[in-house]
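In what follows, a structure is listed as structure tokens, so that the remarks can point back to it.
Counting begins at 1 with the first residue of the sequence. This structure is a prediction, so every number in the text was calculated from the model and none was measured.
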Amino acid sequence: MKKKLAMLLSVTMLMGLALSGCGSAKTGGKAMVYAVEAGSAGEEVAQEKNFEYNAVASQADALMEVASGTSDAAIIDLLMAGAMIGEGTSYPNLTYTDKLTTEEYGVGCRKGSDLASYINAVLAESYADGSLKETAEKYGVQESLLEQAACEYTASADSDVTYIQGKGTLIVGITEFAPMDYTDEAGQWIGFDADMARKVAEKLGVEAQFVIIDWDNKIMELNSKSIDVVWNGMTLTEDVKAAMECTNAYCNNAQVVVVPAK
């Protein structure tokens with residue numbers, strides 16, 4: 001699957017914006033219904049294009065909608081499509097067609113939090129020593145990895161980093177999203193994002209705790225301190241950057257349409 005995902009990314013990132021067939025009427029004049037994760041970049045693009053859609057709890061649920069025939073198509077992240085659909089995956093009878101957007105992933109912290117600066121420093125250090133690339137290769141996302149410029153951590157007066165170190169845990173808000181955050185056979189969280197979040201926690205001297213959140217409520221979860229960070233293949237939209245203190249982008253991504261294979 002990792003080889004398949006790497007090949008998919010290397011080919012797709014060279015594609016131009018493809019919109020043929022999207023949003024067009026089905027046979028008989030019935031409009032397509034798209035399944036999207038509530039509060040996601042997929043929902044945002046569906047709204048922008050005036051698609052008829054069903055909002056579900058996760059991108060995994062969006063794929064289930066298509067597989068079961070409840071929705072005609074899904075709009076999900078390219079990285080997830082590479083890991084979850086096609087031959088040798090959980091959904092061998094699904095395929096992706098159109099690429100609707102190009103975008104970047106980042107990590108979200110509370111507005112004004114110095115944790116974003118701390119994570120930037122860890123990402124930069126990991127890029128420089130090659131460990132970031134090794135982690136990306138482990139999960140097949142190396143083709144989407146972005147270069148990380150040298151960065152030093154700058155503490156703030158009301159330090160989130162100090163707060164996290166004081167309580168001894170870094171609470172990471174996620175959804176199940178292969179290859180970024182998902183569970184192994186033992187029920188442990190793994191994935192590119194999960195591994196990097198755990199590395200940041202180790203640098204902080206605390207334990208990483210992964211909590212599944214309602215993606216539509218991620219900002220509220222942050223501000224209430226139910227979680228400390230959103231680290232789950234989060235697209236850096238203008239709304240997200242306005243509501244959160246975000247890290248530098250670390251991966252390229254896109255929103256793609258998933259449909260049953262013919």
Atom [atom1] in [X], atom [atom2] in [Y]: separation rounded to 0.5 Å?
{"X": "I190", "Y": "E185", "atom1": "CD1", "atom2": "CD", "result": "9.0 Å"}
{"X": "D216", "Y": "E43", "atom1": "CG", "atom2": "CD", "result": "6.5 Å"}
{"X": "I119", "Y": "E245", "atom1": "CD1", "atom2": "CD", "result": "11.0 Å"}
{"X": "E37", "Y": "F177", "atom1": "CD", "atom2": "CZ", "result": "8.5 Å"}
{"X": "I174", "Y": "I212", "atom1": "CD1", "atom2": "CD1", "result": "6.0 Å"}
{"X": "L78", "Y": "Y96", "atom1": "CG", "atom2": "OH", "result": "5.5 Å"}

[Y] side chain reached by [X] side chain, heavy atoms, under 4.5 Å:
{"X": "L145", "Y": "K133", "answer": "yes"}
{"X": "V66", "Y": "L94", "answer": "yes"}
{"X": "S144", "Y": "L79", "answer": "yes"}
{"X": "W231", "Y": "M180", "answer": "no"}
{"X": "V172", "Y": "W189", "answer": "no"}
{"X": "V200", "Y": "L204", "answer": "yes"}
{"X": "E104", "Y": "N253", "answer": "no"}
{"X": "I219", "Y": "M244", "answer": "yes"}

Could you name each residue pair satisfying ring-ring contact (aromatic ring centres under 6.0 Å, His included) that touches residues 73-95, not counting sequence neighbours? none
Any donor-acceptor pair under 3.5 Å from [X] side chain to [Y] backbone:
{"X": "T169", "Y": "I171", "value": "no"}
{"X": "D181", "Y": "A194", "value": "yes"}
{"X": "N93", "Y": "A261", "value": "no"}
{"X": "D114", "Y": "D160", "value": "yes"}

Which atoms form the tightest heavy-atom contact between [X] and [Y], and what is the distance?
{"X": "C109", "Y": "A116", "value": "SG-N, 3.6 Å"}
{"X": "E137", "Y": "Q142", "value": "CA-OE1, 3.4 Å"}
{"X": "D129", "Y": "S126", "value": "OD1-O, 2.8 Å"}
{"X": "I164", "Y": "V206", "value": "O-CG1, 3.7 Å"}
{"X": "Q59", "Y": "M80", "value": "CB-SD, 3.3 Å"}
{"X": "M32", "Y": "A73", "value": "CE-CB, 3.7 Å"}

Do the side chains of [X] and [Y] join up, straight or via other hydrophobic residues, at under 4.5 Å, putting them in one cluster?
{"X": "L170", "Y": "L222", "result": "no"}
{"X": "L115", "Y": "V230", "result": "no"}
{"X": "V56", "Y": "V33", "result": "no"}
{"X": "L63", "Y": "Y182", "result": "yes"}
{"X": "V211", "Y": "M234", "result": "yes"}

Under the ring pair (Phe, Tyr, Trp, His ring centres under 6.0 Å) test, which residues partner Y118, sequence neighbours left out? Y153
Between K218 and E221, does at least one N-O distance fall below 4.0 Å, as a salt bridge requires? no
Salt bridge D228-K167, side-chain N to carboxylate O under 4.0 Å: yes
Hydrogens and angles aside, do [X] and [Y] bring a side-chain donor and acceptor to less than 3.5 Å of each other?
{"X": "T237", "Y": "T235", "result": "no"}
{"X": "T135", "Y": "K199", "result": "no"}
{"X": "D77", "Y": "Q255", "result": "yes"}
{"X": "E65", "Y": "S71", "result": "yes"}

Please report the C-alpha distance between N252 and T102 in whole Å, then the side-chain angles of each, then the deciding distance to 0.1 Å, and finally whether the side-chain contact (heavy atoms from CB on, under 4.5 Å) criterion is met. CA-CA 8 Å; N252 282 314; T102 55; over 6 Å; no
Mind running side-chain contact (heavy atoms from CB on, under 4.5 Å) on V259 and D72 for me, showing each step along the way? CA-CA 7 Å; V259 296; D72 302 306; over 6 Å; no
side-chain contact (heavy atoms from CB on, under 4.5 Å) assessment of K49 paired with L100: CA-CA 10 Å; K49 296 183 179 298; L100 302 176; 4.2 Å; yes
What do the steps show when you test V122 against E125 for side-chain contact (heavy atoms from CB on, under 4.5 Å), and what is the final call? CA-CA 5 Å; V122 174; E125 178 185 318; 5.7 Å; no
Parallel, tilted or perpendicular: rings of Y250 and Y105 (30°, 60°): tilted
For Q47, the side-chain hydrogen bond (donor to acceptor under 3.5 Å, both in side chains) test, sequence neighbours excluded, returns Y53
